[in-house]
Amino acid sequence: MRATFAAWQDRLVAAILLLMAVAGLRNGFADLPWLTALWAGGAVSLGVGMAAGRLVLARLAFHAFDGLLAADALQLPFRRRYIGAWHGIGIVMLSGITLIVRPSLLIVSVPAYLVGALMAGLTAAVAMPLRILDATRPNWSVRAWLRHPSAGVAAAIILLLVLLQARTLGPNVALAYAGVGTVVLTLALTDVDESAVRFMTIAGYGSGRIVLRLSRTLVSFVAVAVPGCWLILGAAPAGIVAAASALMFGLMAMRVLAYRLHGKRFADVLVLVLAGLLLLVGYAIPFALPVIALAVFWHLQHRAAAKTWLLV
């Protein structure tokens with residue numbers, strides 16, 4: 001964080017964005033019914049607790065195996081103090097934001113955070129297998145296939161088949177299916193391998209070249225999905241598919257820039273925070289969203305460009 005916000009301009013921008021985020025949260029939760037706000041606050045706090053728990057455990061694992069504090073990190077009392085200290089900081093920060101946004105939600109935010117942290121600890125050892133082997137192609141994997149343009153065409157066909165069924169449920173349902181289906185499918189198509197990005201950075205690839213290389217699957221998806229959706233449902237759903245695809249492209253580009261600058265853990269947190277801030281700005285001050293988004297991408301690109309050819 002010290003390297004990311006080294007200059008006073010960076011800290012000023014971060015402070016302004018933080019204030020805008022808190023103001024947007026307060027504005028959003030103020031008008032919600034009590035029960036809706038309770039569920040929303042609990043869900044957000046649960047997610048924050050899980051993210052914080054995984055980050056703390058990952059850092060503790062680093063200390064235990066590669067850090068200078070391995071002797072302490074291997075002792076259970078020190079591990080408990082380390083976890084407790086960081087979660088204490090997280091609870092204090094979450095409580096402060098909750099008191100600003102909607103004080104009555106404090107009864108659910110802290111317990112939900114603790115539940116999320118507990119879930120992160122229980123699931124820390126669970127990993128999803130990324131490689132599915134084929135007897136005839138031992139080097140084939142789902143993750144590698146998702147980077148091929150044919151995966152984009154297949155995803156577009158799946159979306160169009162779903163929309164054919166959704167067309168009979170009414171226009172509003174079809175619009176929802178178009179947006180949600182596009183986001184779900186493009187999440188898989190815009191997966192970014194942190195190690196590949198860092199290798200290409202060291203090899204001299206610029207940010208734009210890496211983004212274009214990784215976006216081939218998304219381009220093939222849009223080339224099939226948007227015209228097909230136009231023919232099936234009309235211009236409005238096709239526009240939603242195009243807009244959702246553009247948002248996912250921006251998220252992928254942000255992840256590429258972040259991976260050029262930082263390790264995976266911190267880069268993922270940085271992207272999550274920036275994406276959340278942009279969503280809040282878009283909700284609270286829509287006319288300022290293009291300016292803020294351009295500022296965020298310019299700042300990331302300005303710092304990432306200096307990493308080309310460097311061992312980052």
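Given the structure is predicted, the values throughout are model-derived calculations rather than measurements.
- Stacking of Arg81 on the aromatic ring of Phe78 is recorded, both the 6.0 Å distance cut-off and the 45° axial limit being met.
- Leu278 is connected to Phe287 through a chain of hydrophobic side-chain contacts under 4.5 Å among Ile, Leu, Val, Met, Phe, Trp and Tyr, so both are in one cluster.
- Atom CE of Met119 and atom CZ of Arg54 lie 10.5 Å apart (nearest 0.5 Å).
- Once rounded to the nearest 0.5 Å, the distance linking CE of Met93 with OH of Tyr113 reads 9.0 Å.
- Interatomic distance, Leu279 CG to Leu274 CG, rounded to the nearest 0.5 Å: 11.0 Å.
- A donor-acceptor contact shorter than 3.5 Å links the side chain of Ser215 to the backbone of Leu212.
- Looking at Val219 and Pro149, their side chains never come closer than 4.5 Å, going by heavy atoms from C-beta outward.
- Between Tyr82 and Asp72 there is no side-chain heavy-atom pair separated by less than 4.5 Å.
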* Do Val241 and Trp230 pass the side chain to side chain contact (heavy atoms under 4.5 Å, CB included) test, and can you show the C-alpha distance, the side-chain angles, and the key distance before you say yes or no? -> CA-CA 10 Å; Val241 172; Trp230 191 306; over 6 Å; no
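- The minimum heavy-atom distance between Tyr205 and Arg260, with the atom names listed, is O-NH1, 2.9 Å.
- By the 4.5 Å heavy-atom criterion applied to side chains, Leu163 and Cys229 are counted as neighbours.
- Shown here for Phe297 and Gly250, the closest heavy-atom pair between the two residues is CZ-O, 3.4 Å.
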* Starting from the C-alpha separation in whole Å, work towards a yes-or-no answer on side chain to side chain contact (heavy atoms under 4.5 Å, CB included) for Phe221 and Leu159. => CA-CA 10 Å; Phe221 171 83; Leu159 178 65; 3.7 Å; yes
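- Separation of atoms CG (Leu74) and CG (Leu60) is listed at 9.0 Å; rounding is to 0.5 Å.
- Between Thr190 and Met252, the shortest heavy-atom contact is O-CG, 3.8 Å.
- Leu214 contributes atom CG, which lies 12.0 Å from atom CZ of Arg209 (distance to the nearest 0.5 angstrom).
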* To do: Could you walk me through whether Ser95 and Val110 pass side chain to side chain contact (heavy atoms under 4.5 Å, CB included), step by step?
  => CA-CA 7 Å; Ser95 301; Val110 173; 3.5 Å; yes
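- Summarising the geometry of Leu251 relative to Ala275, their closest heavy-atom pair is CD1-CB, 4.3 Å, with the distance given to 0.1 Å.
- Here the closest heavy-atom approach between residue Thr98 and residue Ser109 is recorded as OG1-OG, 3.5 Å.
- Linking Ile, Leu, Val, Met, Phe, Trp and Tyr whenever their side-chain heavy atoms come within less than 4.5 Å leaves Ile107 and Leu94 in two separate clusters.
- Counting only heavy atoms from C-beta outward, the side chains of Leu114 and Ile91 approach each other to under 4.5 Å.
- In this pair, His262 and Phe266 present their aromatic rings perpendicular. The plane angle is above 60°, beyond the 30 to 60° band.
- Taking CG from Leu187 and OG1 from Thr182, the interatomic distance works out to 11.0 Å, rounded to the nearest 0.5 Å.
- Residue Leu106 comes nearest to Pro111 through the heavy atom pair O-CD, 4.2 Å, listed as atom of the first residue, atom of the second, then distance.
- Residues Val226 and Leu218 are members of one and the same hydrophobic cluster, defined by side-chain heavy-atom contacts under 4.5 angstrom among Ile, Leu, Val, Met, Phe, Trp and Tyr.
- At least one donor-acceptor pair under 3.5 Å links the side chain of Arg216 to the backbone N or O of Arg213.
- Clustering ILVMFWY residues whenever any of their side-chain heavy atoms sit less than 4.5 angstrom apart, transitively, puts Leu247 in a cluster other than the one holding Leu277.
- Val48 and Leu57 fall into different hydrophobic clusters, defined by Ile, Leu, Val, Met, Phe, Trp and Tyr side-chain heavy atoms under 4.5 Å apart, directly or through other members.
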